[in-house]
Amino acid sequence: MYQSSNSTQTIRAETTYSLATIARNLIPGQTYTFTVDVLDKTDQRVSHSESASVTIAGAEFTLSAPSAPLQVIAGQTVTTDLTLSTSLTPYPEQIALYPGAHSGGLGLNLSGNLATPTPVGVTLPISITAGASMPYGIYTATLLAKGNGVQHTAELQIEVIAPTFALHATQNQPTLSENGSVVLSITADRLYGHTAPIWLEVVDSPSPLTKFDEQQLEIGQTRTLTITDVPFLDGGDYTYQIVGTDGVNEIVFTQTLTVFKPVYNLILSQNEITATAGMANTFHLTLDANLDNGWTWPVTLLLDPQSAPPRGQFGFNPSTSDLKTYVALTESGQIDILIETQPKTPPGTYLLPIIAESNGRQKTLEVWVNVAQSVAQQSAHTVYLPLILKAGTPPPPVLTAPDLVVTQIVAAADTVQLIIQNQGNAPVTDAFWVDAYINPLTPPTAVNQTWDMLGEQGLAWAVEGTALPIQAGDILTLTVGDTYYWATLSNVTFPLALDLPIYAQVDSADAYNSYGAVLETHEISGDSYNNIAGPMGVSAALNLEPAPSLSGLQLNLADLPPRGPGPTANPEYLYTIYLQAILR
C-alpha cells in the first residue's frame with residue numbers, strides 16, 4: 001500500500017514482489033508525499049517505509065514562429081503559421097493561444113485559440129494586418145501559449161513595407177548620332193501592391209530636345225522618351241537620370257548616353273606674343289588639329305576686328321596685299337598673323353580671340369598680345385623749358401600746331417549741321433571725334449565729356465580717312481547722315497522742339513589723353529579751352545537738305561581714339577611737356 005498527503009491506495013504483493021504504479025489526475029504545481037506500508041497477514045504486522053515528496057510539473061510543449069521577418073504592405077494583411085509541438089503522447093490537455101505585446105498599428109488574428117500539441121506539431125495560422133498609416137520599418141509581435149501549468153512565448157518579426165515601383169528602359173546605354181534621335185520605351189513594374197500614377201521627368205538631360213510623349217505613367221503602360229541631337233552637343237558620354245515619383249516614392253533610373261560625333265581639337269604652339277607699338281609685327285603660330293570620328297577639313301580661323309588694340313589692326317597672311325581676318329586651313333601647320341599698331345597705341349596686354357569654325361561648330365583659342373613701348377616712346381621726349389633771352393635777341397619762332405574750333409551750329413527740326421575750322425597754323429593729321437549735345441542736363445566744359453555722359457540725346461561724327469589732313473584755315477561741314485556721321489553712337493528723335501539748346505565740341509574724346517586726339521596750340525600754350533560752342537536753339541525757319549544715305553560706308557574704328565575708359569596708363573609711358581617761354 002502507498003499513500004500520499006491526500007490519497008491512499010492498497011496493492012497486494014508477494015515476497016520479493018516489484019511494485020510499479022502510475023499516479024493519475026495529479027495537479028501540476030502540487031506537492032505530493034509518498035509512503036509504502038507493508039502488511040504481513042501471517043502475523044498481522046505492518047511495516048512503514050520512509051516518506052518521499054514530489055512536486056508535479058506540467059506537461060511540456062513548444063511554440064515556434066518563423067525566424068525571418070514577415071513582410072506586410074502598409075494597409076494590407078498577410079498570413080503565416082505557428083507550430084505547437086510536444087514529446088508527450090497523448091498531451092494531457094489543450095493549450096490556449098492569444099496575442100501578446102505588439103505595436104498598436106498591427107492587428108494579430110489567430111484562426112483558433114485552443115489547440116492540442118502533438119509530436120509532429122500542430123500548425124496554427126495567424127493573420128497580421130498593418131495599418132495604412134504605419135511608418136515603414138521592422139516591428140516585433142509577441143504570441144503567448146498556456147496549458148497544463150506551462151506558459152511559453154514566441155516572437156514574430158514583422159517588416160512593414162511601402163508600395164513602390166521600378167522603372168525600366170528598352171536601352172540602358174543608348175547611342176546618339178549626329179543629327180539623329182534615340183527613342184526609349186519606359187515602363188514601370190508594380191512592387192508591394194503599388195497602384196498610384198507615376199510622373200516622369202529627365203534630370204541633367206544632355207540635349208534640350210529631350211521629351212516624353214506623355215509624362216504620366218500607369219502600371220502596365222509604356223511611355224516614349226525621345227532625345228534629339230543639337231548642333232552644339234559635343235561627342236562623348238553623358239549621364240542623366242529618368243526620375244519617377246508618385247507623391248511618396250521617388251525612383252531614380254540612371255542612364256549613360258553616348259553621343260557619337262565628329263570632333264576636332266586645336267592647339268596653338270604659343271598663347272602669348274609681344275608686339276611693339278608703332279610697328280608691324282608678324283608672328284608665326286603652329287596649329288595642331290586633331291580630327292576624330294570622321295571630322296573633315298577645312299577648319300576656318302576668324303579674327304574679330306573689334307578686339308584689336310586701340311589704333312591697331314591685325315589679320316592673317318600678311319604676305320598678301322589684302323590683309324584678311326579669316327583663313328581656311330586644310331591641314332595642321334603654320335599660320336601667320338600680322339599685328340600692326342600706331343605709335344599712340346597704349347602699352348598693355350590685350351586679348352586676341354581666334355575663333356575656329358568647321359561644320360557649324362566653333363572653338364575659341366585665346367592669344368594674349370603684349371604691346372610694348374616703341375623706341376620713340378622709350379626715348380627722351382622734348383621738354384619745352386622757360387627760355388630767357390637777353391635784350392636784343394630775336395624772339396623765338398611762333399609755336400606751330402593746329403587749332404580746331406566749332407564756328408557754327410545750325411539746327412533745324414529735322415537735322416543738325418556743324419561747321420568746324422582749323423584756325424591753327426599746322427594741318428590736322430590725327431582722326432578725331434565731334435559731339436553735338438541736344439538739351440544736355442549740364443553743358444560740356446572739357447574734353448572726354450561725350451554727349452551720352454551729359455544727356456539723353458546727342459550726335460557723334462568721326463573725322464578720319466579722306467577728310468584728313470585738314471589744312472590750316474580749312475573748314476569742314478558735318479551733317480546728320482553724312483559720310484562721317486556715326487549712327488550707332490548717336491541717339492536723336494526728330495523733329496526737334498523749337499528753341500531746344502544744342503552744344504557742340506570738336507576733338508571731344510580720347511580716353512588715353514587729357515587733351516583729345518589732336519594736340520592744339522591753346523593746349524600747348526595753356527590758353528583757354530576753345531573746342532566748345534553753344535548753346536544754339538533749334539530754328540523753324542531753316543530748311544537744311546538732309547545728307548544722302550551712306551549705309552554701305554564702313555568707318556575704320558581702329559584709326560579712331562577710344563571714346564570710353566582706356567586701359568590703365570603704363571607708368572613707364574613718357575609724355576611731352578610744353579612749358580611757356582619767358583622773354584626778358
Side-chain angles (χ1 to χ4, degrees), residues 167 169-186 199-215 223-244 252-272 285-308 314-317 324-333 335 337 350-369 488:
L167 292 176
T170 52
Q171 300 181 54
N172 289 333
Q173 290 185 324
T175 300
L176 179 63
S177 60
E178 187 171 25
N179 300 322
S181 296
V182 59
V183 179
L184 306 176
S185 295
I186 309 299
W199 290 91
L200 300 172
E201 66 173 331
V202 176
V203 178
D204 297 332
S205 171
S207 170
L209 301 181
T210 300
K211 63 179 180 179
F212 290 97
D213 59 342
E214 187 175 339
Q215 285 191 273
R223 292 290 176 255
T224 298
L225 175 65
T226 303
I227 305 175
T228 304
D229 177 43
V230 290
F232 55 81
L233 182 62
D234 291 329
D237 291 337
Y238 296 86
T239 299
Y240 60 97
Q241 293 79 39
I242 301 174
V243 180
V252 179
F253 180 61
T254 301
Q255 284 199 311
T256 299
L257 175 71
T258 299
V259 179
F260 186 81
K261 279 189 174 182
V263 295
Y264 69 103
N265 296 310
L266 303 175
I267 302 175
L268 281 177
S269 58
Q270 62 187 97
N271 297 99
E272 186 172 348
L285 303 178
T286 301
L287 181 72
D288 291 330
N290 300 320
L291 311 184
D292 296 326
N293 297 342
W295 196 277
T296 57
W297 297 95
V299 174
T300 301
L301 302 181
L302 302 99
L303 295 173
D304 181 7
Q306 300 297 325
S307 61
F314 47 59
F316 292 111
N317 299 329
K324 296 183 179 296
T325 57
Y326 67 92
V327 62
L329 303 178
T330 58
E331 61 182 358
S332 297
I335 58 173
I337 298 178
Y350 303 88
L351 175 61
L352 172 61
I354 301 177
I355 300 175
E357 185 177 60
S358 181
N359 291 344
R361 306 290 295 279
Q362 288 189 348
K363 295 182 180 293
T364 301
L365 305 171
E366 293 185 346
V367 178
W368 293 95
V369 180
T488 57

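For the single chain, residues carry numbers from 1 onward in sequence order.
Qualifying side chain to side chain donor-acceptor pair (under 3.5 Å) partners for Gln171, counting only residues two or more places apart in sequence or in other chains: none. Among residues two or more places apart in sequence or in another chain, the side chain to side chain donor-acceptor pair (under 3.5 Å) test is passed with Glu214 by none. Listed by chain and residue number, Tyr264, Asn265 satisfy the side-chain contact (heavy atoms from CB on, under 4.5 Å) test with Lys363 (two or more places apart in sequence, or in another chain). Listed by chain and number, the residues in a side-chain contact (heavy atoms from CB on, under 4.5 Å) with Ser205 are Val202, Thr210 (sequence neighbours excluded). Residues meeting the side-chain contact (heavy atoms from CB on, under 4.5 Å) test with Asn271, sequence neighbours left out: Leu268. Remark: Thr330 pairs with no residue by the side chain to side chain donor-acceptor pair (under 3.5 Å) rule, at least two apart or across chains. Residues satisfying the side-chain contact (heavy atoms from CB on, under 4.5 Å) criterion with Pro353, sequence neighbours excluded, are Ser307, Leu351, Thr364. Partners of Glu331 under the salt bridge (charged side-chain N to carboxylate O under 4.0 Å, His left out) rule, at least two apart in sequence or in another chain, do not exist in this structure.
Distance check: Thr226 OG1 to Asp213 CG gives 7.0 Å after rounding to the nearest 0.5 Å. In this structure, Leu301 CG and Ile337 CD1 are separated by 8.0 Å, a value rounded to the nearest 0.5 Å. Taking CD1 of Ile186 as the reference point, atom CZ of Arg223 lies at 11.5 Å (rounded to 0.5 Å). Between Phe316 atom CZ and Leu303 atom CG the span is 3.5 Å, to the nearest 0.5 Å. The structure places CG of Leu365 at 6.0 Å from CD1 of Ile354, a figure rounded to the nearest 0.5 Å. Atom CD1 of Ile335 sits about 8.5 Å away from atom OG1 of Thr286, to the nearest 0.5 Å.
Proximity of Phe212 to Ile242: side-chain heavy atoms (C-beta onward) are separated by under 4.5 Å at one or more points. Proximity of Leu233 to Leu176: side-chain heavy atoms (C-beta onward) are separated by under 4.5 Å at one or more points. In this structure, Val230 and Pro208 have side chains that are in contact, with non-hydrogen atoms separated by less than 4.5 Å.
Residue pairs meeting the side-chain hydrogen bond (donor to acceptor under 3.5 Å, both in side chains) criterion with at least one partner in residues 231-241, sequence neighbours excluded, are Asp234-Arg361, Asp237-Thr258, Tyr240-Gln255.
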Using residues 177-185 as the side-chain source, report each donor-acceptor pair under 3.5 Å to any protein atom, sequence neighbours left out, with the distance given to one decimal.
unit_1	atom_1	unit_2	atom_2	d
Ser181	OG	Thr228	OG1	3.0

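Nearest heavy-atom pair, Leu167 versus Gly244, reported as atom, atom and distance to 0.1 Å: CD1-N, 3.8 Å.
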